[in-house]
Amino acid sequence: ALRSVLRTKVHLKAGHLCYSSSSVPTVKLFINGKFVESKSSEWLDIHNPATNEVIGRVPKATQEEMLAAVDSCSRAFRSWSETSVLSRQQIFLRYQQLIKDNIKELAKSITLEQGKTLADAEGDVFRGLQVVEHACSITSLMLGETLPSITKDMDTYTYRLPIGVCAGIAPFNFPAMIPLWMFPMGMVCGNTYLLKPSERVPTCAMLLAKMLQDAGAPDGTLNVIHGQHAAVNFICDHQAIKAISFVGSNQAGEYIYERGSKNGKRVQSNMGAKNHGVVMPDANKENTLNQLVGAAFGAAGQRCMALSTAILVGEARSWLPELVERSKALRVNAGDQPGADVGPLISPQARDRVCSLIQSGVDEGAQLLLDGRNVKVKGYENGNFVGPTIISKVTPGMKCYTEEIFGPVLIVLEADSLDDAIHLVNNNPYGNGTAIFTTNGATARKYTHEVDVGQVGVNVPIPVPLPMFSFTGSRGSFRGDTNFYGKQGIQFYTQIKTITSQWKAEDATLKSPAVTMPT
Ligand code: NAD
C-alpha cells in the first residue's frame with residue numbers, strides 16, 4: 001500500500017480539486033476531510049497578475065463554517081495526539097514524496113495566481129518541501145530530557161507534548177513554502193491545524209491539503225478556511241485555538257500578535273523587512289553584482305528576504321553603472337513564459353504603491369538610475385509589471401528607505417566605512433536579513449558580530465536558514481519568542497511535562513510525613 005501511494009501521482013487539476021464546474025470557478029473549503037463549497041454570500045476574485053483576468057473566486061467563510069472547521073480540529077485532536085509518533089512520521093514521509101512527485105503542478109498553480117516565474121515557483125515548493133523532510137525526523141526532534149538519580153531513588157524526565165489546535169495565517173508571496181512552514185511542523189508534533197491561506201493565492205494550499213489527505217492524514221487533522229479580517233479575528237478569538245503562526249505585513253502581524261496574545265495564545269509573527277546588502281570594495285565584483293541583482297529583483301522583489309537596499313562602501317561606489325547594466329538585462333515577462341526573470345506584482349494596487357514609492361524617492365532628491373515604471377510586456381499589456389528599478393543617493397529619512405517597497409526596486413546608499421554601514425543597518429527598525437560582500441575574513445567577522453539583524457549572509461545574499469536551523473528574523477521583523485521551524489519550531493508547537501518519580505525499595509519506605517522542603 002505504501003509503494004502504491006508513493007508511486008501514484010495525485011490528480012492535481014485545479015478544476016477537479018478546488019473549483020466547481022460553474023462558469024465562475026470557486027475555491028472550496030476543506031472541512032473535516034471534505035472539500036466543500038462555501039455557503040457564503042461574500043466572495044473575492046482571484047486574478048492572474050500577468051493579465052488581471054479573474055481566474056477564480058474565493059469565499060469569505062461564514063461563521064458557521066469556521067466553527068465547523070475548528071470543531072473538526074478539536075475532535076480530531078483527541079485521537080491524533082494519541083497517534084504514535086511513528087505513524088505521524090510515516091504520513092509525512094509519504095507526504096514529502098507526493099510533494100516531490102507533483103512539484104511542477106504545484107508550481108503552475110503558484111505562477112497562475114501569484115505571478116512569479118515557474119522556476120522560482122518550483123523553488124517556492126522546494127523550500128517548503130525541505131521543511132516537510134525536516135518534520136520527518138520528529139522521532140529525534142521530540143525527544144525529551146532525563147536526569148536519573150536527582151536524589152536517592154528519584155529520576156526526572158520530560159515529555160514534549162502537543163498543545164492542541166493550532167492555526168496558521170499565510171501571506172501571498174510564498175503560496176507553498178509558508179503554509180509548509182506551518183501545518184507540517186504543527187501536525188507532526190501531534191497538534192491539529194486550521195490554515196487560512198492568503199485569499200489572493202488559495203489554490204496551492206488546497207492542493208497541499210489534498211496531498212496530505214492522500215498521504216494518510218486523518219479527517220479533521222487539517223482544516224482550511226478562507227477569508228480576510230473576519231477569519232483572522234475568528235482565529236485570534238476562538239478559545240480552542242492554542243497557538244497562531246502568522247507571516248505577512250507588520251500591520252496585520254502586530255495586530256494578530258496583540259489580539260492573539262491577549263486571548264492567551266502563543267503567537268509567532270514573522271513580518272516585513274528592509275534587508276541591506278553591504279558591498280565592500282574588496283569584494284569579488286562579478287559575484288557580488290550578480291548576487292545583488294538576483295536578490296533584489298528575483299520574484300519581482302516580493303520576498304521578505306529580498307535584498308532591497310545596497311550600501312556601497314568606499315570605492316565600491318564606482319560599481320553602480322555596472323549594476324545598472326546587469327539589472328537592465330533581466331527579462332520582464334509573464335511567469336510562465338520561457339526566459340522570464342521578473343514576473344508581475346500581485347495586484348494593480350501593489351503596482352501603484354511601488355510606483356508611488358519610486359516617485360517619492362525622485363521627489364525627495366534621490367537619483368533614478370533605472371526606471372522600470374513604464375515597462376511594456378508584449379501580449380500582457382494589462383499585467384501588473386514593473387521592471388527592475390535602481391534609485392541611488394538615497395538617505396535614511398526618505399520614504400523609499402523607511403517603507404518596505406516589496407517590488408523590483410533596489411535603493412542604494414553610500415558609506416565611507418564599515419562602521420558607518422553597520423550604523424545605518426542597526427538604525428533601521430527591521431531585522432529580518434542582511435548580507436555583507438567581502439573577501440576579508442576580519443571584515444566579515446566584525447560585521448556578523450556587530451550587526452543587529454537576525455539572519456546574516458557572508459557572500460550569501462538571501463541567508464534563509466535551512467529547516468534544521470530556524471528562521472530567525474529579529475527586531476521589527478518579528479514578534480514572539482520562538483521562531484518558525486528547526487528546534488524553535490518544535491518548541492513553539494509543544495509543551496513540556498516534567499515527571500519526577502521515586503521508586504524506593506521496600507525497606508527504604510518513609511516511616512513518617514516529610515513536612516520540610518527536601519534539601
Ligand atoms: P498581509 O499582511 O497583507 O497578509 C497576510 C495575511 O494576513 C493574509 O492571510 C491576510 O488575509 C491577512 N491580513 C491582511 N491584512 C490584515 C489585517 N489588516 N488584519 C488582519 N489580517 C490581515 O501580507 P501579504 O501582503 O500577503 O505579504 C507580504 C508581507 O509579508 C510583506 O510585508 C513581507 O515582508 C511579509 N513576509 C514576511 C516573511 C517573514 O518570514 N518575515 C515572509 C514572507 C512575507
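In listed order, ligands and their atoms are each counted from 1. Reckoned from all heavy atoms, side chains included, excluding hydrogens, waters and symmetry mates. None of the values given here were measured: they were computed from a predicted structure.
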Flag, side chain of N263 to backbone of K265, donor-acceptor distance under 3.5 Å: no
Quick one: do the S72 and N32 side chains pair a donor with an acceptor below 3.5 Å? yes
Atom 27 (O) of ligand 1 [closest protein heavy-atom partner, distance rounded to 0.1 Å]: P171 CB, 3.3 Å
Please determine whether salt bridge (Lys or Arg N to Asp or Glu O under 4.0 Å) holds for the pair K100 and E133, giving the CA-CA distance in whole Å, both sets of side-chain angles, and the decisive distance to 0.1 Å. CA-CA 11 Å; K100 264 184 206 150; E133 289 171 342; 3.3 Å; yes
Distance filter under 4.0 Å to W181 heavy atoms, resulting ligand 1 atoms: 40 (O)
Determine, for R303 against D120, whether the closest basic-nitrogen to carboxylate-oxygen distance falls under 4.0 angstrom. yes
Just to be sure I read this right, does ligand 1 sit under 4.0 Å from the backbone of A231, its side chain, both, or neither, counting only heavy atoms? neither
N270 contact mode with ligand 1 (heavy-atom cut-off under 4.0 Å): both
Does the distance from a Lys or Arg side-chain N to an Asp or Glu carboxylate O, for K399 and E364, drop under 4.0 Å? no
Pick one of side chain, backbone, both or neither for how F246 approaches ligand 1, counting any non-hydrogen atom pair under 4.0 Å. side chain
Among all protein heavy atoms, pick the one closest to atom 12 (C) of ligand 1 and tell me residue, atom and distance. V232 CG2, 4.1 Å
For the backbone of T26 and the side chain of R57, can you confirm whether one donor and one acceptor N or O come within less than 3.5 Å of each other? no
Tell me whether K274 is salt-bridged to E403, with the criterion being a basic N under 4.0 Å from an acidic carboxylate O. no
Does the ring of F174 carry K116 above it, NZ/CZ under 6.0 angstrom from centre and within 45° of its axis? yes
Within reach of ligand 1, part of N173 (heavy-atom separation under 4.0 Å): side chain
Which residue and heavy atom of the protein sit nearest atom 36 (N) of ligand 1, plus the separation: C304 CB, 3.5 Å
For the residue pair R259 and N233, confirm or rule out a side-chain donor-acceptor distance under 3.5 Å. yes
Return yes if some donor-acceptor pair links the side-chain N/O of T494 with the main-chain N/O of R160 below 3.5 Å, else return no. no
Pull out every atom of ligand 1 sitting under 4.0 Å from any heavy atom of G272, numbered as shown with elements. 32 (O), 34 (O)
Output yes when the distance from some N or O of ligand 1 to some N or O of F172 is under 3.5 Å, and no in every other case. yes
Out of Q228, Q455, E199, M177, indicate the one that has the non-hydrogen atom closest to atom 10 (C) of ligand 1. E199
Protein heavy atom under 4.0 angstrom of atom 4 (O) of ligand 1, is there one? no
Honestly, for N432 the part within reach of ligand 1 (heavy atoms, under 4.0 Å) is side chain
Nearest to atom 16 (C) of ligand 1, what protein heavy atom do you find, and at what distance? A252 CB, 3.5 Å
Give the atom numbers and elements of ligand 1 that come within less than 4.0 Å of a heavy atom of F406. 28 (C), 31 (C), 33 (C), 34 (O)
Could you name the option among S198, G248, P175 that has the heavy atom nearest to atom 35 (C) of ligand 1? G248
Does the side chain of F385 reach to within under 4.5 Å of the side chain of L345, using non-hydrogen atoms? no
For ligand 1, indicate whether the residue I346 contacts it via side chain, backbone, both or neither (heavy-atom separation under 4.0 Å). neither
Please indicate whether any nitrogen or oxygen in A170 is less than 3.5 Å from any nitrogen or oxygen in ligand 1. yes
Consider ligand 1: state whether an atom of it lies below 4.0 angstrom from any non-hydrogen atom of R200. yes
Any carboxylate oxygen within less than 4.0 angstrom of a Lys/Arg side-chain nitrogen, looking at R479 and E254? yes
F471 contact mode with ligand 1 (heavy-atom cut-off under 4.0 Å): side chain
Short N or O distance, S249 and ligand 1, threshold 3.5 Å exclusive: yes
Apply ring-ring contact (aromatic ring centres under 6.0 Å, His included) to residues H276 and Y401 and explain how you reach the verdict. CA-CA 11 Å; H276 296 65; Y401 183 76; 5.5 Å; yes
With a cut-off of 4.0 Å, which atoms of ligand 1 are near a heavy atom of I178? 42 (C), 43 (C)
Can you tell me if H47 uses its side chain to pair, donor with acceptor, with the backbone of P49 under 3.5 Å? no
Report the part of H229 in contact with ligand 1, treating N, CA, C, O as backbone and CB onward as side chain, heavy atoms under 4.0 Å; options are side chain, backbone, both, neither. side chain
Compute the shortest N/O to N/O distance between K196 and ligand 1 and return yes if it is under 3.5 Å, no if not. yes
Counting heavy atoms only, which part of Y430 comes closer than 4.0 Å to ligand 1: side chain, backbone, both or neither? neither
If we set the cut-off at 4.0 Å for heavy atoms, which region of E404 has an atom near ligand 1: side chain, backbone, both, or neither? side chain
Show, in sequence, the C-alpha distance, side-chain angles and deciding distance for N270 and C304, and conclude whether the side-chain contact (heavy atoms from CB on, under 4.5 Å) test is met. CA-CA 9 Å; N270 267 13; C304 66; over 6 Å; no
M271, any N or O under 3.5 Å of ligand 1 N or O: yes
